[in-house]
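First the structure, in the form of structure tokens, and then the observations on it.
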Number of protein chains: 2
Amino acid sequence: MANPQDRYAIIVEKFRKKSLKLTPQRLAIAKILALSKGHPSVEEIFEQLKKTFSTMSLATVYRNVLLLKSFGEVLELSFPDGSNRYDGNRPYPHPHVICIKCGAIVDPALDALKDLTHLVAKETGFQILTHRFDFFGICRRCQNSDKK
Amino acid sequence: MANPQDRYAIIVEKFRKKSLKLTPQRLAIAKILALSKGHPSVEEIFEQLKKTFSTMSLATVYRNVLLLKSFGEVLELSFPDGSNRYDGNRPYPHPHVICIKCGAIVDPALDALKDLTHLVAKETGFQILTHRFDFFGICRRCQNSDKK
DNA sequence: TTCTTAAAAGATAATAGTTATTATTTATTA
DNA sequence: TAATAAATAATAACTATTATCTTTTAAGAA
């Protein structure tokens with residue numbers, strides 16, 4: 001996991017370079033995404049910030065997440081059930097392991113992937129630009145709680 | 001690719017076993033999905049069947065795709081842009097290569113994946129149930145047409 | 001073949017997540 | 001401190017999918 005403070009500084013610098021305003025709401029959203037351990041959803045970011053900003057609007061969260069996505073500073077993970085989760089800490093494609101019971105998302109180390117990309121490019125003739133690798137299953141905690 | 005006729009027969013048999021009616025619309029949807037070379041969307045299935053069934057309803061396509069999905073006879077591929085495509089020919093998880101220009105979807109042969117699943121299970125403690133592997137890029141045809 | 005009926009189709013309303021719009025507020029710079 | 005371009009807040013609009021309800025039909029029985 002990248003240092004959250006470094007990621008936060010990088011994102012703020014991106015805003016500054018593009019002469020975008022550093023509003024408190026915007027910075028707070030950036031901070032949550034830079035931490036981003038739990039891969040939060042827009043709704044979760046919104047709920048968390050309502051405590052600090054009483055007038056916080058859901059649209060503001062959507063707007064800024066969209067913006068950061070367009071900068072390549074946030075990775076969007078959309079799931080078959082329609083839900084979207086975000087990673088501002090590691091905004092480049094990487095594999096995820098998702099618990100279908102509790103929704104937890106874990107980043108496994110899987111170095112073998114680079115080789116796969118080359119293999120696929122060779123086999124299909126595609127120029128591969130990005131990828132998405134997700135494993136779905138049940139985390140250790142949920143496996144244990146099921147046994148009770 | 002599995003034999004489309006076999007896949008069609010399997011799906012029809014599934015309907016029969018569950019005492020579900022074999023309506024012409026239902027059978028036509030099943031046939032398109034059993035072929036399913038191009039990984040059609042609901043909209044594409046609907047457009048194609050309107051030619052044969054003048055009163056065809058979009059809801060009927062959704063209803064039957066949902067049904068087949070619940071039987072495990074169709075694999076749903078949902079994409080970040082919100083689009084959904086379906087594979088009734090190989091309804092089990094397998095990797096895809098998607099062209100971001102023309103939307104073509106190709107199934108590469110990638111035997112290395114089984115090992116990855118075991119690796120991930122070992123590393124994370126998850127019980128892995130399914131997965132999703134997508135490579136995004138530009139197909140050979142679109143690479144060539146760009147050069148013009 | 002005709003009759004019965006449970007299920008499916010068709011048409012459309014409802015839903016949910018996201019994006020667009022507009023008036024108000026605010027960060028930034030001079 | 002004032003000017004203003006941009007962001008926020010509130011809400012309307014949009015889109016893909018699902019639910020509802022009425023009409024039609026497949027399938028088994030008489």
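Convention: sequence-line order gives letters A, B, ...; per-chain numbering from 1.
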For A:Y86 and A:L75, what are the C-alpha separation, side-chain angles and deciding distance, and is it a side-chain contact (heavy atoms from CB on, under 4.5 Å)?
CA-CA 6 Å; A:Y86 297 89; A:L75 182 73; over 6 Å; no

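- For residues 21-31 of chain B, every residue pair satisfying the side-chain hydrogen bond (donor to acceptor under 3.5 Å, both in side chains) rule, not counting sequence neighbours, is listed here: B:R26-B:N64.
- Rounding to the nearest 0.5 Å places CD of A:E76 at 12.0 Å from CG of A:L68.
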Are B:L20 and B:F71 close enough, and set up right, to give a side-chain contact (heavy atoms from CB on, under 4.5 Å), and what steps lead you there?
CA-CA 12 Å; B:L20 296 170; B:F71 296 166; 3.6 Å; yes

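- Note: CZ (B:R26) to P (D:dA26) measures 12 Å, nearest angstrom.
- Residue pairs meeting the ring-ring contact (aromatic ring centres under 6.0 Å, His included) criterion with at least one partner in residues 34-69 of chain A, sequence neighbours excluded, are A:H39-A:H96.
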Which letters describe nucleotides 24-30 of chain C, given B = protein heavy atom under 4.0 Å from base, S = only from sugar-phosphate, - = neither?
--BBS--

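- The ring-ring contact (aromatic ring centres under 6.0 Å, His included) search around A:F133 returns A:H131, B:F133, B:F135, not counting sequence neighbours.
- Atom pair A:K18:NZ and D:dA5:C1' shows a separation of 18 Å (rounding to whole Å applied).
- Legend: residues meeting side chain to side chain donor-acceptor pair (under 3.5 Å) with B:S83, ordered by chain and number and at least two apart, are B:D81.
- Comparing the start and finish of the helix from C:dT1-D:dA30 to C:dA30-D:dT1, five pairs each, the helix axis swings through 30°, to the nearest 10 degrees.
- Scored by the side chain to side chain donor-acceptor pair (under 3.5 Å) test, A:K14 finds A:E73 as partners (sequence neighbours excluded).
- Legend: side-chain hydrogen bond (donor to acceptor under 3.5 Å, both in side chains) pairs involving residues 41-58 of chain B, not counting sequence neighbours: none detected.
- Annotation: proximity of residues 42-68 of chain A to DNA chain D (heavy atom, distance under 4.0 Å) is found for A:T55, A:M56, A:S57, A:A59, A:T60, A:R63, A:N64, numbered in ascending order.
- By the 6.0 Å contact criterion, CZ on A:R90 is enclosed, its count of non-hydrogen atoms from other residues, nucleotides or ligands being greater than 12.
- Across residues 69-88 of chain B, not one residue has a non-hydrogen atom less than 4.0 Å from an atom of DNA chain C.
- With sequence neighbours left out, B:D134 forms a side chain to side chain donor-acceptor pair (under 3.5 Å) with B:R132.
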Quick one: do A:F126 and B:R140 satisfy side-chain contact (heavy atoms from CB on, under 4.5 Å)? Show the steps, please.
CA-CA 6 Å; A:F126 272 61; B:R140 212 170 331 220; over 6 Å; no

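- Under the side chain to side chain contact (heavy atoms under 4.5 Å, CB included) criterion, B:R16 pairs with B:V12, B:E13, B:L22, not counting sequence neighbours.
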